[in-house]
Amino acid sequence: MKNKKIIFICIFIFLVIILIFYYKNQKSGNNISKSITDFKEYILNISSYESTISVEINSNKNTNKYIIKQWYKSPNFFKQEVQEPENIKGLTITYDGANLKIKNSRLNLEKIYKDYNCLTSNILSLNNFIDDCKKNEIEYKETKEEITLGVKNGNKYNYYKTLTINKKNGKPTKMEIKDENKKTLVYILYNEITINGKISEDIM
């Protein structure tokens, strides 16, 4: 009986030590740092995505709004189709790593640019943000529910980009692009996004 009491006391002390260590670790912020690293690696290693986004593009004179469907597959396939506004609905841009195809299904028009290498400047794409993060230092902000990654790329017209990620499901919720004067040029809401899923052959 005495041995059982000693064993019970040892187990109790051991559990108390674990709880104290866990509490101190939480207070020190080590878990937060680890979570930021995990989210960073997750975003930088996205191999494909399919999204529906709401976009606001601000110029000096007005604001234009769009709803756009996007597809991306590593290393360089990208497709974008306008769903709203109605007057340019169906306008599609497809890039396969070498050739750029612009198609207007409503007007039955199509134009192909061979050996096109400038689509990396498409600032509306998530993969463009990922490329900037791989080339530049990343800044971090964190709240209880979200993590925001920020990057400066030196271009005065899209000088600072931020991507906000939902910590619960790991999905991007919004992206903002500002000029060097901190004016918001582009505001993107991710209405729907599927990451690292299979892209249909019909899309490609």
Side-chain angles (χ1 to χ4, degrees), residues 40-59 62-136 138 149 151-163 165 171-179 185-204:
K40 171 192 168 184
E41 292 302 315
Y42 173 66
I43 292 298
L44 294 187
N45 288 287
I46 287 176
S47 60
S48 67
Y49 70 85
E50 179 177 344
S51 65
T52 302
I53 61 175
S54 296
V55 183
E56 289 186 8
I57 300 178
N58 301 304
S59 65
N62 52 36
T63 298
N64 295 306
K65 298 182 179 182
Y66 307 89
I67 295 179
I68 297 173
K69 187 83 173 179
Q70 294 180 333
W71 299 264
Y72 166 75
K73 183 177 181 180
S74 179
N76 45 31
F77 173 82
F78 180 75
K79 184 174 182 179
Q80 179 170 285
E81 180 179 333
V82 178
Q83 296 186 328
E84 293 181 15
E86 189 68 25
N87 63 321
I88 56 172
K89 182 178 181 180
L91 180 64
T92 304
I93 297 173
T94 306
Y95 182 65
D96 62 6
N99 303 312
L100 177 71
K101 180 170 72 174
I102 300 176
K103 182 178 180 179
N104 190 323
S105 57
R106 297 183 67 186
L107 300 179
N108 198 28
L109 296 175
E110 182 175 302
K111 179 70 176 178
I112 297 177
Y113 298 89
K114 294 186 179 296
D115 300 320
Y116 190 90
N117 60 4
C118 296
L119 199 66
T120 53
S121 61
N122 186 348
I123 61 174
L124 302 184
S125 65
L126 178 58
N127 48 300
N128 179 260
F129 175 85
I130 294 171
D131 288 341
D132 281 344
C133 286
K134 290 178 178 179
K135 298 173 185 176
N136 302 279
I138 304 173
L149 307 181
V151 62
K152 299 175 183 177
N153 67 6
N155 186 323
K156 66 179 182 178
Y157 297 111
N158 55 88
Y159 180 74
Y160 189 60
K161 300 180 183 180
T162 57
L163 180 72
I165 305 157
K171 294 183 177 182
T173 57
K174 65 181 179 180
M175 180 160 63
E176 292 184 76
I177 302 172
K178 299 181 179 181
D179 63 16
L185 303 178
V186 180
Y187 184 82
I188 297 173
L189 283 178
Y190 290 90
N191 302 327
E192 298 176 10
I193 185 166
T194 301
I195 293 176
N196 294 337
K198 185 177 180 180
I199 304 297
S200 169
E201 292 296 328
D202 293 338
I203 297 298
M204 301 180 67

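Since we're looking at a predicted model, the values are computed, not measured.
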TODO: Start with the C-alpha gap between N153 and K135, add the side-chain angles, then the distance that decides, and say whether side-chain contact (heavy atoms from CB on, under 4.5 Å) holds.
DONE: CA-CA 8 Å; N153 67 6; K135 298 173 185 176; over 6 Å; no
Task: Derivation of the ring-ring contact (aromatic ring centres under 6.0 Å, His included) call for Y95 and F78 - done: CA-CA 5 Å; Y95 182 65; F78 180 75; 8.7 Å; no
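Nearest approach of I130 to I43, heavy atoms of both residues: CD1-O, 3.4 Å. Closest approach of L124 and M175 over heavy atoms only: O-CE, 4.3 Å. Between L44 and C133, the shortest heavy-atom contact is CD2-CB, 3.5 Å. When all heavy atoms of S48 and G197 are compared, the closest pair comes out as OG-O, 2.7 Å. Nearest heavy atoms, Y49 versus N127: OH-OD1, 3.1 Å. A pairwise comparison of heavy atoms in F77 and T94 identifies CE1-CG2, 3.8 Å as the closest pair.
A cation-pi arrangement is found for K111 relative to Y113, the charged atom lying closer than 6.0 Å to the ring centre and inside a 45° cone about the ring normal.
Considering only heavy atoms from C-beta on, P172 comes within 4.5 Å of L126 through its side chain. Between T92 and K79 the shortest side-chain heavy-atom distance falls below 4.5 Å. Looking only at side-chain heavy atoms (C-beta outward), Y72 and I199 stay at 4.5 Å or farther from each other. Inter-residue side-chain proximity for I165 and Y42 is flagged as unmet; no heavy-atom pair is nearer than 4.5 Å. Annotation: side chain of Y66 is in contact with side chain of I88 (closest heavy-atom distance under 4.5 Å). Taking 4.5 Å as the limit, every side-chain heavy atom of E50 sits out of range of all side-chain heavy atoms of I203. You'll find the side chain of T173 stays beyond 4.5 Å of the side chain of Y190, heavy atoms only. Between N122 and N128 there is no side-chain heavy-atom pair separated by less than 4.5 Å.
Between the CD1 atom in I195 and the CG atom in N45 there is a gap of 12.0 Å [rounded to 0.5 Å]. If you take CG on L189 and CD on E56, they are separated by 7.5 Å, rounding to the nearest 0.5 Å. Note that the CH2 atom of W71 and the CD atom of E81 stand 5.0 Å from one another [nearest 0.5 Å]. We find the CG-CD1 distance between D179 and I177 to be 11.0 Å, quoted to the nearest 0.5 Å. To the nearest 0.5 Å, atoms NZ (K103) and CD (E110) are separated by 5.5 Å. From Y160, atom OH reaches atom CG of D132 across 12.5 Å, with rounding to the nearest 0.5 Å.
Crowding of K73 atom NZ: a count of heavy atoms from other residues, nucleotides or ligands under 6.0 Å not exceeding 12. Heavy atoms from other residues, nucleotides or ligands lying under 6.0 Å from NZ of K69 number more than 12. Within a 6.0 Å sphere centred on OH of Y159, heavy atoms belonging to other residues, nucleotides or ligands number 12 at most.
Tested against V55, the residues I188, I67, N64 include a single side chain to side chain contact (heavy atoms under 4.5 Å, CB included) partner, I188.
In this structure a side-chain-to-backbone donor-acceptor pair under 3.5 Å is missing from Q83 to T52.
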